[in-house]
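In what follows, a single structure is set out as structure tokens and then discussed.
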Amino acid sequence: MAKVELRNYRKARTPFRTLLRLFRYFKHCRPILICALLSILVYAVATVAASYCMRPLVNLLEGSGITPSETQAKYLALLLGLAGLYLLSAVTNYLLNRLMLECSTVIMRELRTELFAKMQRLPISYFDEHTNGSLMSYFTNDIEATNELLQHSITQLLISVISLVGTIAMMLVLSMKLFAIMVVLGAIIAVIVRVTTKISARSYRAQQKNAAEVNGYIEEMIAGQRDIKVFTHEAEVMRDFAVINEALYSSATTATTVTSMVGPILNNLSHIFYALTCAIGVVWLTGEGTGGILITFLQYIRNFAERVSQISEQFNSIMLALAGGERIFDVLDMPDELDEGSVRLERRGREYDWVCADGTTVPLQGDVRFHNVDFSYISGKPVLQKLSLYAKPGQKIAFVGSTGAGKTTITNLINRFYDIQGGQITYDGIDVREIQKDDLRRSLGIVLQDTHLFTGTVMENIRYGKLDATDEDCIRAAKIANAHYFISHLPDGYETVLHSDGANLSQGQRQLIAIARAAVSEAPVLILDEATSSVDTRTEKLIERGLDGLMRGRTVFVIAHRLSTVRNADAILVLENGKVIERGSHADLLKQKGQYYRLYTNMTELS
């Protein structure tokens, strides 16, 4: 997997390739883009043609052999034509900006959708390795930079390039001799652009990366403000923030400095070549109409310098956007969470069946077994070693042990948040790797210690466990979880809106809603990960009564924080260093007078 990620990462590192990939998103607004391109073309042609009108105007003033009235009529016609060209350029300029705005909005919608959908398909390990703030930076900094590119920078770039081509063509028509001067100017400009592009591209990639780190750190520190103030670590937090903020400042300054130098350099070069063209043109050009040619050519030199300067000014946003685009494509190119399973889960009334690829069915009973399982999050640092355990249908299995013993890891492996490196995990005799992940996880109800409630009503939060559940189903689940009483006494009952992860509820109430969510899912297997560890004893008793109703008739895995909560388990497994060192009922383990006996008799609570 690492090789695949690295290959895709390198693939997106080429700015030109990233730009081409962004252009492919214009397929979502092809008719709008065609109209915008036509507007850009007309605008560029109109501005180039307007400059050419200087030649007949000057020649008309120099001309002889025509009456003043004829001169006045032609002069007026040229002025009207010039006014028409400027009006046309103004209208098309408005149109192209309006159309590109709409087009970029469509593309940003598609890009955000694709990026968000990709996030849903990435494995849990990806989110373990990235902070919420750094993940949000993809949808803020990187998307906004890309939007600026598509909405403004590309438009200005196309206008400048088309106008530049037209200007060069008109220079060739006017004078090949004077154009030779422009070739030298063009060569110097090409060298400057090439050097600055390399430096700025590298600097803007660093800037986007550092911006993500700053966002991630800020998000983490804001979430942990209570702990920061409790331990009076404000000064340490500021020192750490100063380091990463300085890195962002340095990369942003370097990138902006390099790109901002291009404009002044090109402007000064244009002034030098403007003066050279005047001096040389007077000597080289002879004959009638030379004044018009020279003045028009000088106008095109100014246009040439302005367009090149505009292109250089776009480097800032272009390089920033390409750096953001590269980061977005790095995520989009990451491999999805692997799911090679073929066994499906089908509901039959209130029962479930596993349906194999050959059509055979296996009743879902909730028999879960580990056979010599080896697992490690980091290579060379095993968490589980040759672990074997079993849970028969309807049994309540409790895990106890010190921090790092592997309790939560076991439950993460059952639902395949991670895949094992050795051994086998079976579910009703079927290897879990053969079961489609969505169906496997649908068969598991999970109540975690850290409950997450979404913004919405209490009813909607309970229904999250089963989206097609009726209101009656949700109320029934709340009663099973022993949550109906307190919900009924909320200001709006089940329609009470929860905000900020249920901040208007107590920890125990949030846990009861999480239990109701698991209850409405009617999953045959239940996983309780320290569901009562952060509540008081009275609330714990209330939650336990809710759990008793939820666990009835289900296979249950319990990660115990307090030993008093596992006494009624069918089997208690004591874990140490990724291995089961004791197994038995509460009474059996006390008789063995081993590790569990020592923990229980000393009234030790595990952390």
Side-chain angles (χ1 to χ4, degrees), residues 1-2 4-5 117-130 334-347 352-357 362 364-379 381-391 393 397 399 405-450 452 464-466 517-518 521-530 554-559 573 575 578:
M1 183 179 294
V4 175
E5 292 179 12
K118 183 65 178 185
M119 292 284 187
Q120 312 310 306
R121 301 194 302 271
L122 291 175
I124 287 292
S125 58
Y126 177 81
F127 299 94
D128 291 342
E129 297 166 1
H130 297 80
M334 291 192 69
D336 292 347
E337 183 179 20
L338 189 62
D339 187 3
E340 70 280 13
S342 59
V343 178
R344 296 177 292 105
L345 181 68
E346 287 190 358
R347 185 161 186 166
Y352 292 88
D353 287 331
W354 298 115
V355 181
C356 303
V362 177
L364 193 160
Q365 298 176 326
D367 187 292
V368 179
R369 297 175 184 265
F370 281 55
H371 307 275
N372 296 317
V373 170
D374 293 323
F375 174 76
S376 61
Y377 293 103
I378 302 173
S379 180
K381 296 183 178 179
V383 178
L384 302 179
Q385 304 176 63
K386 303 298 179 184
L387 178 72
S388 295
L389 59 88
Y390 62 89
I397 307 298
F399 300 115
K407 304 185 298 295
T408 300
T409 297
I410 291 174
T411 59
N412 285 337
L413 296 180
I414 294 173
N415 55 37
R416 285 196 70 194
F417 283 161
Y418 304 92
D419 282 328
I420 59 178
Q421 284 86 41
Q424 185 184 43
I425 302 174
T426 60
Y427 194 159
D428 292 325
I430 305 170
D431 192 318
V432 293
R433 287 171 290 197
E434 297 178 6
I435 302 174
Q436 293 182 3
K437 284 187 176 179
D438 287 348
D439 288 343
L440 171 66
R441 292 165 184 169
R442 193 159 52 245
S443 73
L444 303 170
I446 301 179
V447 181
L448 302 175
Q449 174 185 2
D450 298 321
H452 181 75
Y464 203 81
K466 184 182 177 184
R517 181 189 293 169
S521 70
E522 298 182 333
V525 176
L526 183 63
I527 297 173
L528 307 175
D529 189 349
E530 299 185 353
R554 290 179 167 89
T555 302
V556 181
F557 294 93
V558 179
I559 296 176
L573 278 65
L575 297 173

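Basis for what follows: all heavy atoms, side chains included, without hydrogens, waters or symmetry-related copies.
- In this structure, Leu440 and Arg416 approach most closely via the heavy-atom pair CD2-CG, 3.7 Å.
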Next on the checklist: Using side-chain contact (heavy atoms from CB on, under 4.5 Å), reason through Phe370 and Ile414 one step at a time and then give a plain yes or no.
Outcome noted: CA-CA 9 Å; Phe370 281 55; Ile414 294 173; 3.7 Å; yes

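- Ser521 places no side-chain N or O within 3.5 Å of a backbone atom of Lys466 that could act as its donor or acceptor partner.
- Arg344 pairs by the side chain to side chain donor-acceptor pair (under 3.5 Å) definition with Glu346, not counting sequence neighbours.
- In this structure, the side chains of Val432 and Gln424 stay at 4.5 Å or more apart for every pair of heavy atoms.
- From Leu122, atom CG reaches atom CG of Asp336 across 6.5 Å, with rounding to the nearest 0.5 Å.
- Heavy atoms only, all atoms of each residue included: Leu526 and Ala518 are closest at CD1-CB, 4.2 Å.
- Atom NE2 of His130 and atom CE of Met119 lie 8.5 Å apart (nearest 0.5 Å).
- Of all non-hydrogen atoms in Pro393 and Gln365, the two that sit nearest each other are CB-O, 3.2 Å.
- Checked against side chain to side chain donor-acceptor pair (under 3.5 Å), Lys437 has the following partners two or more places apart in sequence or in another chain: Glu337.
- Side-chain contact between Leu389 and Ile410 is present, with at least one heavy-atom pair separated by less than 4.5 Å.
- A 4.5 Å side-chain heavy-atom check between Val525 and Phe557 finds at least one atom pair inside the cut-off.
- Among pairs with a residue in residues 423-436, those fulfilling salt bridge (Lys or Arg N to Asp or Glu O under 4.0 Å) read Asp431-Arg433, at least two apart in sequence or across chains.
- Here Pro382 pairs with Gln385 under the side-chain contact (heavy atoms from CB on, under 4.5 Å) rule; sequence neighbours left out.
- With sequence neighbours excluded, no residue satisfies salt bridge (charged side-chain N to carboxylate O under 4.0 Å, His left out) with Asp438.
- The side-chain contact (heavy atoms from CB on, under 4.5 Å) search around Arg369 returns Asp367, His371, Tyr390, Lys392, Thr426, not counting sequence neighbours.
- Distance check, rounded to the nearest 0.5 Å: CG of Leu528 to CD1 of Ile397 gives 12.5 Å.
- Between Ala523 and Arg442, the closest heavy-atom pair is CB-O, 4.0 Å.
- Listed by chain and residue number, Asn415, Leu448, Ile527 satisfy the side-chain contact (heavy atoms from CB on, under 4.5 Å) test with Ile446 (two or more places apart in sequence, or in another chain).
- Note that the CG atom of Leu413 and the OG1 atom of Thr408 stand 10.5 Å from one another [nearest 0.5 Å].
- In this structure, Lys381 and Ser376 approach most closely via the heavy-atom pair O-CB, 3.2 Å.
- Of the possible donor and acceptor atoms, one in the side chain of Asp374 sits under 3.5 Å from a partner among the backbone N and O of Lys386.
- Applying the side chain to side chain donor-acceptor pair (under 3.5 Å) rule to Ser443 yields the partners Tyr427; only residues at least two apart in sequence or on another chain are considered.
- By the ring pair (Phe, Tyr, Trp, His ring centres under 6.0 Å) test, Tyr464 pairs with Phe454, sequence neighbours left out.
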Item to check | Verdict with reasoning, Arg554 to Glu522, per side-chain contact (heavy atoms from CB on, under 4.5 Å) | outcome: CA-CA 9 Å; Arg554 290 179 167 89; Glu522 298 182 333; 4.1 Å; yes

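- In plain terms, the two heavy atoms of Asn372 and Ser388 that are nearest each other are N-OG, 3.0 Å.
- Not a single salt bridge (charged side-chain N to carboxylate O under 4.0 Å, His left out) links Asp339 to another residue, sequence neighbours left out.
- To the nearest 0.5 Å, atom CD of residue Gln421 and atom CG of residue Leu384 are 9.5 Å apart.
- Atom CZ of residue Arg121 and atom CE of residue Met334 lie 12.0 Å apart, to the nearest 0.5 angstrom.
- Every residue meeting the side-chain contact (heavy atoms from CB on, under 4.5 Å) condition with Tyr377, not counting sequence neighbours, appears here in chain and number order: Phe375, Val383, Thr409, Asn412, Tyr418.
- Annotation: salt bridge (charged side-chain N to carboxylate O under 4.0 Å, His left out) contacts of Glu129 (sequence neighbours excluded): none.
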